[in-house]
Amino acid sequence: MADSVQHISSSNDFSSLLSSTMYVIADFYADWCGPCRAIAPAYAQLAKTHSIPNYLAFAKVNVDTVQAVAQEYKVTAMPTFLFFKDGKQVAVNGAAMIQGADVRNLTNAAEKMGRLAKEKATLGTGSR
Amino acid sequence: MTGLNAGDSFPEGVTFTYVPPTGDLDVTACGLGVKYDASKEFKDKKVVLVAVPGAFTPTCQEQHVTSYLANLDKLRAKGVDSIIFIASNDHWVMSAWGKANGVKDDSILFMADDGLAFSKSIGWTKGDRALRYAIIVDHGKVIYADVDDVPRSIAKTGAEGVMAKL
C-alpha cells in the first residue's frame, strides 16, 4: 500500500504542496525525538483515511534535513502540527498549532479538515 | 578588552543557542536548539545575564540558580524582562539544567555561550569555563557588570547582589 504521507525534502517541495493542495496538515518531526516516533503510526493512519488529492494532504517535515522550513515556521518543539488552507497558515478547532504527541487533538483536527476537504472536493470548487 | 563596564553598549553580534522550554509538554514533545540573537533582543529589554563556570556544578547549582528562583517576583517587580544563565556547556546540557531546576517556562532561560565566544570576547574566562559574572543590560546599555572572583561566592552575581544594582 502506498504511503499516504507526503515527505517534504525542501522548501520548494513544501511551497509546491501548499499551492497544489487546498488543505495541508504538516508534521514537523525529528528522527531522534521519541514522541514523534510514537505518534507517527497514528499520523500515517489519519493520512490514509483522510487524504484527498488536491484537497487534503498530510505532510511530514524533518526539522534536521529541511531546516529552512522548520525555521520559517519557528518550530521549536517536536512534534508540531501546523495547518494550512490555500497556502496560508490557519487555526483548526481554535488552535493555531498542536505541539507535542497529542493524538486526540490531532485526530479531531484531521477529521475536521477531512470533512471540509470532502465538502470542497464534492462541490468541485478550487480545482487546480 | 577585559570585562564590560557600566555605561558601555552591549556588543553587537552576540548570539547564544538554547532550547525553548516546552513547558508541561515535556514528556510529549522534544525541544530544538534555536539561535538567540542577544545583541538584538537586549536592545528593547531589561535583561540580567548571568554566566557560571558550569551547569550542575556545586556553587552554581546549590546557590546561584536557586537565588534567582527565590527572587523571581522581586526581579520582575524591578522591570527585569529576562534572566538568562549562560555557561560553556552546550544547549542540551543547559536545557536539562533548567528542567532539573523545575523551570518549565521562560522565567529563567538557560543558554549555551557557544564555544565560549561571548565570554572570551570580554576576557572573562578561566581555561575552558566562563568566570562567574553578571551583566545587567537595559535597552542595549550595560548598567552593571561584575565578576565574583572569590571562590564559591555569589555576592556580586547572585540575585541579591544584582537586585541592589537594578
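The sequence lines fix the lettering, A, B, ..., with proteins before strands; numbering per chain opens at 1.
Dense packing is recorded around NZ of B:Lys35, with more than 12 heavy atoms of other residues, nucleotides or ligands lying under 6.0 Å away. Enclosure of atom CG in B:Asp128 is not indicated, since only 12 or fewer non-hydrogen atoms of other residues, nucleotides or ligands lie within 6.0 angstrom. The local environment of CG in B:Asp44 is crowded, with over 12 non-hydrogen atoms from other residues, nucleotides or ligands closer than 6.0 Å. The number of heavy atoms from other shown groups lying within 6.0 Å of NZ (B:Lys126) does not exceed 12. Other residues, nucleotides and ligands contribute at most 12 non-hydrogen atoms within 6.0 Å of the NZ atom of B:Lys165.
When B:Val34, B:Thr28, B:Val19 are compared by the number of non-hydrogen pairs under 4.5 Å with chain A, B:Thr28 comes out ahead. With chain B as partner, the option from A:Ala30, A:Gly34, A:Cys33 having the largest number of non-hydrogen pairs under 4.5 angstrom is A:Cys33.
The nearest pair of heavy atoms linking A:Ala77 to B:Ala29 is CB-CB, 4.4 Å.
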Dump the intermediate steps for side-chain contact (heavy atoms from CB on, under 4.5 Å) on A:Tyr29 and B:Cys30, then the final yes or no. CA-CA 9 Å; A:Tyr29 74 102; B:Cys30 304; over 6 Å; no
Is there a side-chain contact (heavy atoms from CB on, under 4.5 Å) between B:Leu32 and A:Met78 once you walk through the steps? CA-CA 8 Å; B:Leu32 184 66; A:Met78 286 87 61; 3.9 Å; yes
